[in-house]
Chemist: 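To start, I am sharing the structure in question, which I have written as structure tokens.
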Amino acid sequence: QLQLAESGGGLVQPGGSLRLSCVVSGDDLDHYSIGWFRQAPGKEREGVSCIGREDNIIYHTDSVKGRFTISRDNGKNTVYLQMSSLKPEDTAVYYCAVLKSWLLTIQSLCTNIEIDYWGQGTQVTVSS
């Protein structure tokens, strides 16, 4: 049983930056593809950024391309989401999640939210 613990959320002004971290325990991170998802009030949860076991396979949803970067440090069992040029519409609860190990593309797993394990979430609020 994996456990995921997010941190790094908070209140930031438009145009600002935040870095989210997710520490995974219970197994080695390098066994898994993993990603970040978010849910804004009144909206469905969506896949934001995902990274495969081989870390040159990365997916970002269109709305964050060029602004968000996902990375992983398998030695620390940690995945990061560096968020820059934040906009009010980025306001949401951000969740870290381990993707299913199905033989699908990272994009498909991320956009269809095919998840085995979820974290508890961290709130990101972008407001002046």
Side-chain angles (χ1 to χ4, degrees):
Q1 183 82 7
L2 296 183
Q3 293 186 328
L4 290 74
E6 303 98 331
S7 61
L11 173 64
V12 62
Q13 293 186 342
S17 299
L18 280 176
R19 188 177 79 158
L20 305 183
S21 300
C22 173
V23 178
V24 177
S25 58
D27 199 353
D28 293 332
L29 179 60
D30 61 4
H31 294 167
Y32 302 98
S33 298
I34 193 165
W36 290 93
F37 299 78
R38 67 185 179 187
Q39 187 164 19
K43 295 188 176 182
E44 293 186 353
R45 194 169 296 189
E46 65 168 341
V48 176
S49 301
C50 293
I51 185 167
R53 292 174 57 187
E54 301 295 329
D55 63 6
N56 60 340
I57 302 175
I58 289 175
Y59 166 78
H60 292 293
T61 194
D62 286 346
S63 62
V64 307
K65 284 181 180 177
R67 300 190 299 122
F68 290 13
T69 302
I70 187 171
S71 62
R72 61 194 296 163
D73 184 336
N74 291 334
K76 295 182 178 180
N77 257 33
T78 302
V79 62
Y80 304 98
L81 185 67
Q82 178 67 49
M83 305 185 294
S84 302
S85 302
L86 283 161
K87 305 175 181 180
E89 51 263 44
D90 294 317
T91 295
V93 178
Y94 283 72
Y95 299 89
C96 176
V98 168
L99 307 182
K100 289 187 181 293
S101 58
W102 294 348
L103 295 178
L104 299 174
T105 64
I106 291 300
Q107 178 174 343
S108 179
L109 292 169
C110 203
T111 57
N112 293 301
I113 312 182
E114 303 289 357
I115 302 301
D116 272 338
Y117 300 97
W118 289 100
Q120 293 298 309
T122 185
Q123 176 71 46
V124 172
T125 302
V126 184
S127 174
S128 55

Chemist: ring-ring contact (aromatic ring centres under 6.0 Å, His included) with Phe37: which residues, sequence neighbours excluded?
Modeler: Trp118
Chemist: Between Ile51 and Trp36, is any pair of side-chain heavy atoms under 4.5 Å apart?
Modeler: no
Chemist: Of the non-hydrogen atoms in Glu6 and Tyr94, which two are nearest, and what is the gap between them?
Modeler: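 Smallest interatomic distance, heavy atoms only, reads OE2-O, 4.1 Å.
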Chemist: Under a 4.5 Å cut-off applied to non-hydrogen side-chain atoms, are Tyr59 and Thr111 in contact?
Modeler: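 Tyr59 vs Thr111: side chains touch.
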Chemist: Would a distance-only check, ignoring hydrogens and angles, find a side-chain to backbone donor-acceptor pair under 3.5 Å from Asn77 to Val24?
Modeler: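 Answer holds: yes.
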Chemist: Identify whether the distance between the nearest side-chain nitrogen and carboxylate oxygen of Asp90 and Lys87 falls below 4.0 Å.
Modeler: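 No, no charged N to carboxylate O under 4.0 Å.
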Chemist: For Tyr32 and Asp27, which I'm curious about, is there any donor-acceptor pair between the side chains at under 3.5 Å?
Modeler: yes
Chemist: Using a 4.5 Å cut-off on heavy atoms from C-beta on, say whether the side chain of Leu109 contacts that of Cys50.
Modeler: no
Chemist: Mind checking whether Ser49 and Ile58 have side chains closer than 4.5 Å, heavy atoms only?
Modeler: no
Chemist: Within the 4.5 Å heavy-atom criterion, are Cys96 and Ile34 side-chain neighbours or not?
Modeler: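 When only atoms from C-beta onward are counted, Ile34 and Cys96 do touch, with a gap below 4.5 Å.
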Chemist: Would you say that Gln123 contacts Thr91 through its side chain, given a criterion of any heavy-atom pair below 4.5 Å between the two side chains?
Modeler: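 Side-chain contact under 4.5 Å: yes.
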Chemist: Is there a path from Val23 to Leu29 through hydrophobic residues (I, L, V, M, F, W, Y) whose side chains come within less than 4.5 Å of each other?
Modeler: no
